[in-house]
Each structure stands twice: as C-alpha cells, then as structure tokens.
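Structure provided below as structure tokens; questions to follow.
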Amino acid sequence: RVIINYNKSDKEANSLKDELLGLNCDCITAKADVSKIEEVEKMMDDIRAFSSHIDVLVNNAGVALRKLLCDTTEEEWDTLFNVNIKGIFNCTKAVLPRMIRQKSGKIVNISSILGINGAACEVAYSATKAAVIGFTQALAKEIGPCNITVNCVAPGVIETDMNKDLDSQDIDHIKDKTPLERIGQPMDIANFILFLASEDADFITGQVFNINGGLVF
C-alpha cells in the first residue's frame with residue numbers, strides 16, 4: 001500500500017499511481033506542500049482514511065539553489081530550509097505517534113553529497129542537507145527504543161530534474177571525477193531506499209549512506 005505525496009507534479013503522481021494500480025498495488029496520491037504543517041495534517045487525514053498502518057516514511061521532497069551566498073536572498077534561504085528540513089520535521093512528526101504505538105517503523109531521509117562536503121555557490125542547499133544528517137542521527141537515538149529506524153541517504157549527482165540545468169561539459173567533468181564513470185540514475189537511489197525499508201535493514205539505524213559512484217569532491 002503506497003501513498004504518493006506531491007506538490008506540483010499532479011500529472012506525474014497520477015501516472016505513477018496508475019502504474020502501481022496496474023500492478024495490483026493499493027495506491028493513492030496526496031497533494032501537500034510539506035513545508036506547510038496545515039497541508040501535512042490534511043494529508044495525514046487522507047492517509048488515515050486509506051490505511052491504519054504506516055510502516056515506512058521516505059522524506060524525499062527537496063529544492064536546490066545555485067547562487068553565491070552574497071546574492072542569496074532571505075526569502076530564498078527560508079524557502080530551502082522550509083522545504084528541505086522543515087518538511088522532514090513536519091512529515092516525521094506527523095507519522096511518529098502511529099509508529100511509536102506500533103513499536104515499529106522505518107524512516108529514510110534524503111540528504112546529499114553536498115550535506116557532507118559542501119559546495120561553492122550552493123551554501124544554502126549544502127546547509128539544509130547537512131541539517132538533514134544531524135536530524136537523522138539525533139532522531140535515531142531518540143526513537144530507537146521504540147524499534148523505529150532512521151537512516152539517511154546522501155546521493156551524488158543523479159539524473160533528475162534538479163540537475164537538468166547541467167550542460168554536457170558539466171556532466172563530462174562529473175563523470176571524469178567519478179570512479180564508475182557515469183551519472184547516477186534514480187533507480188540507484190530507489191533500490192537502496194528499498195533495502196533500508198526492508199527487514200534486511202532491521203539492525204541499521206542512525207547511518208548516512210553515500211550513494212555516489214565513488215565521487216569525492
């Protein structure tokens with residue numbers, strides 16, 4: 001049973017839902033801007049009507065900004081923190097009471113290689129993704145006694161819409177610095193999240209996993 005959260009990607013979310021329904025998977029979409037607690041609470045009402053059990057939460061919503069810090073506005077800074085870290089706080093807080101009652105659950109947060117190494121012209125984004133790592137490690141200690149795991153995936157450069165502005169020269173440069181000599185694909189990340197959501201990862205918590213093809217900045 002899958003709940004697909006989206007904010008603006010209505011067409012893509014419903015296409016995925018139709019694909020999953022075609023595979024005999026119970027599935028609904030739930031529109032919500034995760035940076036807004038009132039929308040998250042409304043989404044939770046929809047989820048409660050759909051399922052009495054929440055086993056896995058994947059906090060994947062994120063926005064990026066490539067800009068010098070001196071040129072970054074307060075509004076841009078706030079937007080990144082509201083989506084990239086407050087969104088994780090909102091969604092996690094919304095599901096935790098049920099996971100605690102169940103005494104089971106898995107939470108997977110998506111950070112970034114920039115949350116570990118940082119990058120020039122991406123100070124705001126790097127700061128939010130570093131915050132995701134701190135959130136993950138602290139929460140894992142807090143709710144571990146409730147048999148809930150919390151882990152973090154830190155992708156390298158992945159072929160997604162967030163990186164669509166990279167030109168061919170940028171891509172070639174990244175490939176040259178990556179031992180596996182390619183850009184990551186969404187399934188490289190999805191497959192590892194699936195592992196963390198499985199029983200095979202029951203004794204793993206508070207960890208940060210670098211899925212980056214060996215790329216080191």
Between Ile107 and Leu96, does the side-chain contact (heavy atoms from CB on, under 4.5 Å) criterion hold? Intermediate values first, please. CA-CA 10 Å; Ile107 298 170; Leu96 266 185; 4.1 Å; yes
Side chain to side chain, Arg1 and His53, heavy atoms closer than 4.5 Å: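 Arg1 vs His53: side chains apart.
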Heavy-atom count around Glu74 CD within 6.0 Å, excluding the residue itself: above 12? no
Distance col, row Asn210:CG vs Ser112:OG, nearest 0.5 angstrom, shows 10.0 Å
Is there a side-chain contact between Ile133 and Lys129 in this structure, where contact means two heavy atoms from C-beta onward sitting under 4.5 Å apart?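 No, too far: nothing below the 4.5 Å cut-off.
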Nearest 0.5 Å, what's the CD-CG distance between Gln207 and Leu196? 10.0 Å
Quick one, Val150 and Asn109 - any side-chain contact, counting heavy atoms below 4.5 Å? yes
Test log, rule side-chain contact (heavy atoms from CB on, under 4.5 Å), inputs Ile143 and Met99: CA-CA 10 Å; Ile143 61 177; Met99 287 186 172; over 6 Å; no
Using side-chain heavy atoms (C-beta onward) and a distance below 4.5 Å, is Asp188 in contact with Glu159? no
Are any non-hydrogen side-chain atoms of Val34 and Glu39 less than 4.5 angstrom apart? no
Working to the nearest 0.5 angstrom, can you tell me the gap between Gln185 CD and Ile158 CD1? 8.0 Å
Going only through I, L, V, M, F, W and Y residues with side-chain contacts under 4.5 Å, is there a path from Ile88 to Ile148?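 Looking at the clustering, Ile148 is in the same group as Ile88.
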Side chains of Phe135 and Asn59, heavy atoms from C-beta outward: is any pair under 4.5 Å? no
Gap separating the CG atom of Leu65 from the OG1 atom of Thr72, nearest 0.5 angstrom: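 Reported value, rounded in 0.5 Å steps: 5.0 Å.
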Determine, step by step, whether Leu16 and Tyr6 satisfy the side-chain contact (heavy atoms from CB on, under 4.5 Å) criterion, reporting the C-alpha distance in whole Å, the side-chain angles of both residues, the deciding distance to 0.1 Å, and the verdict. CA-CA 11 Å; Leu16 177 57; Tyr6 71 97; over 6 Å; no
Qualifying residue, where the test is side-chain contact (heavy atoms from CB on, under 4.5 Å) with Ile193 and the options are Val58, Asn151, Val56, Asn60: Val58
To the nearest 0.5 Å, what is the distance between CG (Asn163) and CD1 (Ile171)?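 With rounding to 0.5 Å, CG (Asn163) is 7.0 Å from CD1 (Ile171).
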Can you tell me how far OG of Ser15 sits from CG of Asp10, rounded to the nearest 0.5 angstrom? 11.0 Å
Side chain proximity check, Met44 to Ile47, heavy atoms < 4.5 angstrom: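 Sidechains of Ile47 and Met44: in contact.
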